[in-house]
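First the structure, in the form of C-alpha cells, and then the observations on it.
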Amino acid sequence: MFRITLFVLMIGFIACQPKSQKSTNNKTPIPITLEKFRDGIHHWKLFADDLNYERYPADDLEAIAQNFVKYQNEDGGWPKNMDWLAKVNIDSLKSSLSDHAKKSTFDNENTHSQIEFLAKMYYNSGNETYHKSALKGLEYILSTQNASGGWRGWDVDGITFNDKVMTGIMDLLYYIHINEPQYLWVTDKMRKQLEDARLKALDATIKCQIVVNGVKTGWCQQHSHTTYEPIQARTYELPSIASKETSEVVRHLMRLANTDTTITHAIKYAVEWLQKSQLHNFRVEKIPVPKGTYEGVNLEIDRVVVEDSTAKPIWARFYEIETNRPFMCTRAGKKVYSLAEVNPERRAGYGWYGYWPEKLLNKEYPAWLKKTNDSQ
C-alpha cells in the first residue's frame, strides 16, 4: 500500500529549487553535510527503493532545506525515515502516511539533525524561513523533555540512548551553550531554557550509568524515567550494557569543557568497561544468499561468525548486566548466545557485533586523557 501510494505521488513532484552554496551575508559559509540523514534515508529506501522517482543532487542544499521545512510537523518535530532528497509532493506524501508514521521523533538521528542543518542554512543564506523552522524545532525539544531529564525514542517511553536520541540532542544543546555561530540568533530567554534542559539531561545520563558490584560500567539503549534502570525496548532489545550506545555517551561526555570529577569518573569507568569487553579471534562476515534461501523472508545477505586468530578486537552490541556475557536475541525476544541462533531476518538486518568503540579507545580517549592531564 505504501509503495503504491508513493508511486502516485511521483506525479506531483516539486520543481527543483536553485542551488545556493554561497553566503549572502559576507560571512564564511559553514560547511553542511547530509551524513546524519543517511540512516533515515536508508530505512526509507527499504520500502521504496524500487520506485522510479527523481532526487535533488546532494549539493542542492536550498532544495533539501525547503524539503525539511515542508516535512516539519505542527509540533515542531519531524517524522523519521524519509528520503529528504526526493522530488515528491510532500503534502500528499504526508497525508498518505499512517497517524503513527506521521509522528515527530528523535529516532535515527532525527529532528535535532534537521535543526542543525536549518540553523547552518540560516547562517549561510539569511533566509528567515530556516530560522523560524529551526526555532520551532528547539521548542519541540523543550516541550518533549520528560521530567526525568530524558527524551524518549520511537519504540518505548524511556530515556533513550539508542539512535543517538539523548546524545544527539545534548550535542545540539551543548553547541548552543558554547555559542557556535549558527546558533547566535537564539534569544537569551530560550538559551536559558535550553541550558536548563541540557543540564537536566546530563544529570539523567550520569544517573543511568549501570553499576555492577559497586563498579560503574556503561549504558543500556533505554532506561526508566523513574528509576533510571535499564529497560527493554523492542522484543529483541533486552536490558543490557550496550557497547554502541556507551561509546556515543562517552564521546558526548568527552566533548564537554571543564568536566567535573563526576563526569571524568563516568568516562574512565565506561572506557574501562569497553576495554575489558573486547572480543577476540573471530570476525563477522557478510555473505550473499540466493533469494528463497530462507522461507518467508526475502534476504540477499546473511552474516556468519568466522574464526580468525588475526582478527582485530570486536564488540557485541549487548552484554548481560550481571555476567558481562555477550548475547543476542531472536525477533521473538528469546535470548541466545551465538549469531547462528538468531533468526535469519534479524541476523542479516541488525548489528549484533561491531567496532563502535575502536576509534574511541585508540584515538579519541587517549587524546582526551592527554588534554585533561595537561590542563591540570
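Numbers here are sequence positions counted from 1. These numbers were taken from a predicted model, which means no experiment stands behind them.
Between Ile301 and Val289, the closest heavy-atom pair is N-CG2, 3.7 Å. Heavy-atom minimum distance, Asn179 versus Arg191: OD1-NH1, 2.9 Å. What you find for Asn124 and Ile32 is that their closest heavy atoms are ND2-CD1, 3.6 Å. Heavy atoms only, all atoms of each residue included: Val336 and Cys329 are closest at CG2-N, 4.1 Å. Counting all heavy atoms, side chain and backbone alike, Pro326 lies closest to Ala316 at CB-CB, 3.6 Å. Contact record, Ser92 with Asn89: N-OD1, 3.0 Å, taken as the closest heavy-atom pair.
Contact check on Asp83 versus Lys45 returns no salt bridge, with no Lys/Arg side-chain nitrogen under 4.0 Å from an Asp/Glu carboxylate oxygen. Under a 4.0 Å N-O distance rule, the pair Lys192/Asp196 qualifies as a salt bridge. With respect to the salt-bridge test (charged N to carboxylate O, under 4.0 angstrom), the residues Glu341 and Arg347 do not qualify. A salt bridge is absent between Lys164 and Glu245: the closest approach of a Lys/Arg side-chain nitrogen to an acidic carboxylate oxygen does not fall below 4.0 angstrom. Note on Glu358 versus Lys363: no salt bridge recorded, every NZ/NE/NH1/NH2 to OD/OE distance being 4.0 Å or above. Between Arg198 and Glu195, at least one side-chain nitrogen of the basic residue sits less than 4.0 Å from a carboxylate oxygen of the acidic one, meeting the salt-bridge criterion.
In this structure, Val304 and Leu339 have side chains that are not in contact, with every pair of non-hydrogen atoms separated by 4.5 Å or more. For the pair Lys335 and Glu320, the minimum side-chain heavy-atom distance is below 4.5 Å. For the pair His43 and Asp39, the minimum side-chain heavy-atom distance is below 4.5 Å. With a 4.5 Å cut-off on side-chain heavy atoms, Leu61 and Tyr56 do not count as touching. Taking 4.5 Å as the limit, every side-chain heavy atom of Asp171 sits out of range of all side-chain heavy atoms of Tyr174. For the pair Arg251 and Lys359, the minimum side-chain heavy-atom distance is below 4.5 Å. Within the 4.5 Å cutoff, the side chain of Tyr350 has no heavy atoms near those of the Val342 side chain. For the pair Thr217 and Gln209, the minimum side-chain heavy-atom distance is 4.5 Å or more.
Every residue two or more places apart in sequence or in another chain was checked for a ring-ring contact (aromatic ring centres under 6.0 Å, His included) with His252, and none qualifies.
Using cut-offs of 30° and 60° for the angle between ring planes, the His112 and Phe106 rings count as parallel. Taking the six-membered ring where the residue is Trp, Trp185 and Tyr122 present perpendicular rings, their angle passing 60° and hence far from 30°. Between Tyr365 and Trp368, the ring-plane angle classifies as parallel under the 30° and 60° cut-offs.
Within the structure, salt bridge (Lys or Arg N to Asp or Glu O under 4.0 Å) contacts touching residues 262-284 (residues at least two apart or in different chains) are Arg283-Glu285, Arg283-Asp308.
Within 6.0 Å of CD in Glu128 there are more than 12 heavy atoms belonging to other residues, nucleotides or ligands. Summarising the local packing, NZ of Lys102 is surrounded by more than 12 heavy atoms from other residues, nucleotides or ligands at distances under 6.0 Å. Taking a 6.0 Å sphere around CD of Gln275, one finds it holds more than 12 heavy atoms contributed by other residues, nucleotides or ligands. A 6.0 Å sphere centred on OH of Tyr294 holds more than 12 heavy atoms belonging to other residues, nucleotides or ligands.
Atoms CG and CE, on Asn162 and Met166 in that order, are 13.0 Å from each other to the nearest 0.5 Å. Here the straight-line distance linking atom CD1 of Ile41 with atom CE of Met82 works out to 12.0 Å at 0.5 Å rounding. Within the model, atoms CD1 of Ile210 and OG1 of Thr246 stand 7.0 Å from one another, a figure rounded to the nearest 0.5 Å. Here Thr205 contributes atom OG1 and His223 contributes atom NE2; the two are 9.0 Å apart, rounded to the nearest 0.5 Å. Annotation: the span from Arg303 atom CZ to Leu299 atom CG amounts to 10.5 Å, rounded to 0.5 Å. One finds the CG atom of Leu118 at 11.5 Å from the CG atom of Leu135 (value rounded to the nearest 0.5 Å).
Geometric assessment of Arg325 against the ring of Tyr337 yields a positive cation-pi assignment under the 6.0 Å and 45° thresholds.
Taking hydrophobic clusters as Ile, Leu, Val, Met, Phe, Trp and Tyr residues chained together by side-chain heavy-atom distances below 4.5 Å, Val284 does not share a cluster with Trp356. When the side chains of ILVMFWY residues are joined at heavy-atom separations under 4.5 Å, either directly or via intervening members, Phe37 and Trp78 end up in a single hydrophobic cluster. Under a hydrophobic-cluster definition in which Ile, Leu, Val, Met, Phe, Trp and Tyr are linked whenever side-chain heavy atoms come within less than 4.5 Å, directly or via other members, Phe161 and Ile231 are assigned to different clusters. Clustering ILVMFWY residues whenever any of their side-chain heavy atoms sit less than 4.5 angstrom apart, transitively, puts Leu279 in the very cluster that holds Leu274. The hydrophobic cluster containing Tyr269 does not contain Leu360, counting ILVMFWY residues as joined when their side-chain heavy atoms lie under 4.5 angstrom apart, directly or transitively.
The closest donor-acceptor contact from the side chain of Trp352 to the backbone of Arg317 lies at 3.5 Å or more, if one exists at all. For Ser143 (side chain) and Tyr140 (main-chain N/O), a donor-acceptor pair under 3.5 Å exists by modelled atom type. Panel note: side chain Gln114, backbone Thr111; a donor-acceptor pair is recorded below 3.5 Å. Proximity of a side-chain donor or acceptor of Asn146 to a complementary backbone N or O of Ser148 within less than 3.5 Å is detected.
Taking the six-membered ring where the residue is Trp, the centroids of Tyr175 and Tyr183 are separated by 6.0 Å or more. Proximity of the aromatic rings of Trp44 and Tyr53 is defined here by a centroid distance below 6.0 angstrom, and this criterion is met. Here the two rings, on Trp84 and Tyr71, have centers that are under 6.0 Å apart. Taking the centre of each ring, Tyr130 and Phe68 stay at or above the 6.0 Å mark. Aromatic ring centres of Tyr319 and Phe327 lie farther apart than the 6.0 Å criterion allows. Taking the six-membered ring where the residue is Trp, the centroids of His100 and Trp154 are separated by under 6.0 Å.
Side-chain contact, Glu229 with Ser224: no donor N or O sits under 3.5 Å from an acceptor N or O. Side chains of Ser104 and Asp75: a donor-acceptor N/O pair is present below 3.5 angstrom, by distance only.
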Q: Evaluate salt bridge (charged side-chain N to carboxylate O under 4.0 Å, His left out) for Glu248 paired with Lys244, printing each intermediate quantity in order.
A: CA-CA 7 Å; Glu248 292 305 326; Lys244 182 178 181 181; over 6 Å; no

Q: Apply side-chain contact (heavy atoms from CB on, under 4.5 Å) to His225 and Ile159, showing your working.
A: CA-CA 6 Å; His225 284 301; Ile159 301 170; 3.5 Å; yes

Q: Please report the C-alpha distance between Glu180 and Ile178 in whole Å, then the side-chain angles of each, then the deciding distance to 0.1 Å, and finally whether the side-chain contact (heavy atoms from CB on, under 4.5 Å) criterion is met.
A: CA-CA 6 Å; Glu180 287 210 342; Ile178 62 174; 4.1 Å; yes

Q | Leu85/Leu34 under side-chain contact (heavy atoms from CB on, under 4.5 Å): CA gap, chis, key distance, verdict | A | CA-CA 10 Å; Leu85 281 67; Leu34 299 175; 3.9 Å; yes

Q: Tell me, with the steps shown, if Leu202 and Leu253 meet side-chain contact (heavy atoms from CB on, under 4.5 Å).
A: CA-CA 9 Å; Leu202 181 60; Leu253 297 179; 3.5 Å; yes

